[in-house]
*Asks:* 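I have a structure here, written as structure tokens, and I will follow up with some questions on it.
Below, read A as the first sequence line, B as the second, and so on, with proteins coming before strands; counting in each chain starts at 1. Worth knowing before you read on, the calculation uses all heavy atoms, side chains too, and leaves out hydrogens, waters and symmetry mates.
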Amino acid sequence: AQKVTQTQTSISVVEKTTVTMDCVYETRDSSYFLFWYKQTASGEIVFLIRQDSYKKENATVGHYSLNFQKPKSSIGLIITATQIEDSAVYFCAMREGNTNTGKLTFGDGTVLTVKP
Amino acid sequence: AQTIHQWPVAEIKAVGSPLSLGCTIKGKSSPNLYWYWQATGGTLQQLFYSITVGQVESVVQLNLSASRPKDDQFILSTEKLLLSHSGFYLCAWSLAGDNQAPLFGEGTRLSVL
């Protein structure tokens, strides 16, 4: 069965710095898809960035980038030039190759606090 | 542009009472639809998914049921609420046959007392 683990419960950083959030996953599928979402204080869940298992290049979207280390089953999220409004809970999620179920398995989340 | 809307925004219900939560997707035909549940302070757990009208598959049994009466509508319901049903319910959609990241609605906060 697939499993996603986020070991960092919470992280606090000063704004304008770079933060990395860890995520490791377990799957038996050779094809899978990894996603990062953030949940704001209002509860809104926002999709940030994805990495497909067959792609070697790390994905980048705006000030979000990924550190995909396939041999280690690791997909870290890097946020550069953090802003106060980046404070949120960040979830890592994985979907295995079967697209019909669309089943996403989520990690427990990492609370990011960005301070002035 | 596609929009996803959930109703109601919040509910306070008594144990043993019925529940119906709704989700509507506009701007996309035949999307895949999903229901997720999140306990307070917890992670998201997928409950149901649907790839077409009238077809719903259960992922986790929580004494809840789901239906898709129209292409753009997804309903979550139960006849008898339990205390353990409290939490945040989120509807999500993605393109059929694609590995697009599911996109979420605003959610419904449910308190069962």
Side-chain angles (χ1 to χ4, degrees), chain A residues 1-10 23 25 27 29-55 59 61 64 66 75 77 88-111, chain B residues 2-6 8-11 23 25 28 30-52 55-60 66 68 74 86-111:
Chain A
Q2 54 186 348
K3 185 178 178 182
V4 176
T5 303
Q6 295 178 251
T7 56
Q8 301 155 304
T9 305
S10 63
C23 175
Y25 56 90
T27 179
D29 271 19
S30 57
S31 173
Y32 50 90
F33 307 89
L34 301 162
F35 307 95
W36 278 90
Y37 290 84
K38 80 173 193 181
Q39 186 170 32
T40 64
S42 68
E44 181 186 15
I45 295 180
V46 180
F47 165 64
L48 299 176
I49 192 169
R50 68 181 282 171
Q51 179 78 41
D52 297 346
S53 63
Y54 58 86
K55 291 185 178 178
V61 176
Y64 302 107
L66 296 177
I75 184 73
L77 174 69
V89 182
Y90 288 79
F91 289 99
C92 176
M94 176 174 67
R95 168 191 282 170
E96 290 179 331
N98 180 350
T99 61
N100 278 344
T101 69
K103 182 180 178 183
L104 281 183
T105 298
F106 282 82
D108 289 339
T110 296
V111 178
Chain B
Q2 59 279 353
T3 60
I4 177 169
H5 175 63
Q6 289 187 239
V9 173
E11 281 265 45
C23 172
I25 317 294
K28 281 293 176 188
S30 303
N32 288 346
L33 297 175
Y34 315 97
W35 278 111
Y36 282 82
W37 173 75
Q38 183 182 33
T40 302
T43 189
L44 287 91
Q45 188 172 30
Q46 187 171 348
L47 302 177
F48 299 94
Y49 70 93
S50 171
I51 61 173
T52 191
Q55 186 176 332
V56 176
E57 300 295 332
S58 171
V59 177
V60 173
R68 187 169 177 177
F74 206 18
S86 292
F88 194 39
Y89 289 85
L90 294 131
C91 181
W93 73 275
S94 66
L95 290 173
D98 190 4
N99 284 304
Q100 175 200 24
L103 302 178
F104 288 82
E106 319 99 320
T108 295
R109 293 197 185 277
L110 174 66
S111 295

*Asks:* Which answer fits Q45(B), side chain, backbone, both or neither, if we ask what part of it has an atom under 4.5 Å from a heavy atom of chain A?
*Replies:* neither

*Asks:* List for me each residue that meets side-chain contact (heavy atoms from CB on, under 4.5 Å) alongside V61(A), sequence neighbours excluded, and say none if there are none.
*Replies:* I49(A)

*Asks:* Checking heavy atoms, do the side chain of F48(B), its backbone, both or neither come under 4.5 Å from chain A?
*Replies:* neither

*Asks:* Between T110(A) and T9(A), is there a side-chain heavy-atom distance shorter than 4.5 Å?
*Replies:* no

*Asks:* What orientation do W37(B) and Y89(B) show, parallel under 30°, tilted 30 to 60°, or perpendicular over 60°?
*Replies:* tilted

*Asks:* Can you say whether Q39(A) sits under 4.5 Å from chain B via the side chain, the backbone, both, or neither, judging by heavy atoms?
*Replies:* side chain

*Asks:* Test of understanding: with side-chain contact (heavy atoms from CB on, under 4.5 Å), list the residues that count as partners of S111(B), not counting sequence neighbours.
*Replies:* I12(B)

*Asks:* Is it the backbone or the side chain of S42(A) that comes under 4.5 Å from a heavy atom of chain B, or both, or neither?
*Replies:* backbone

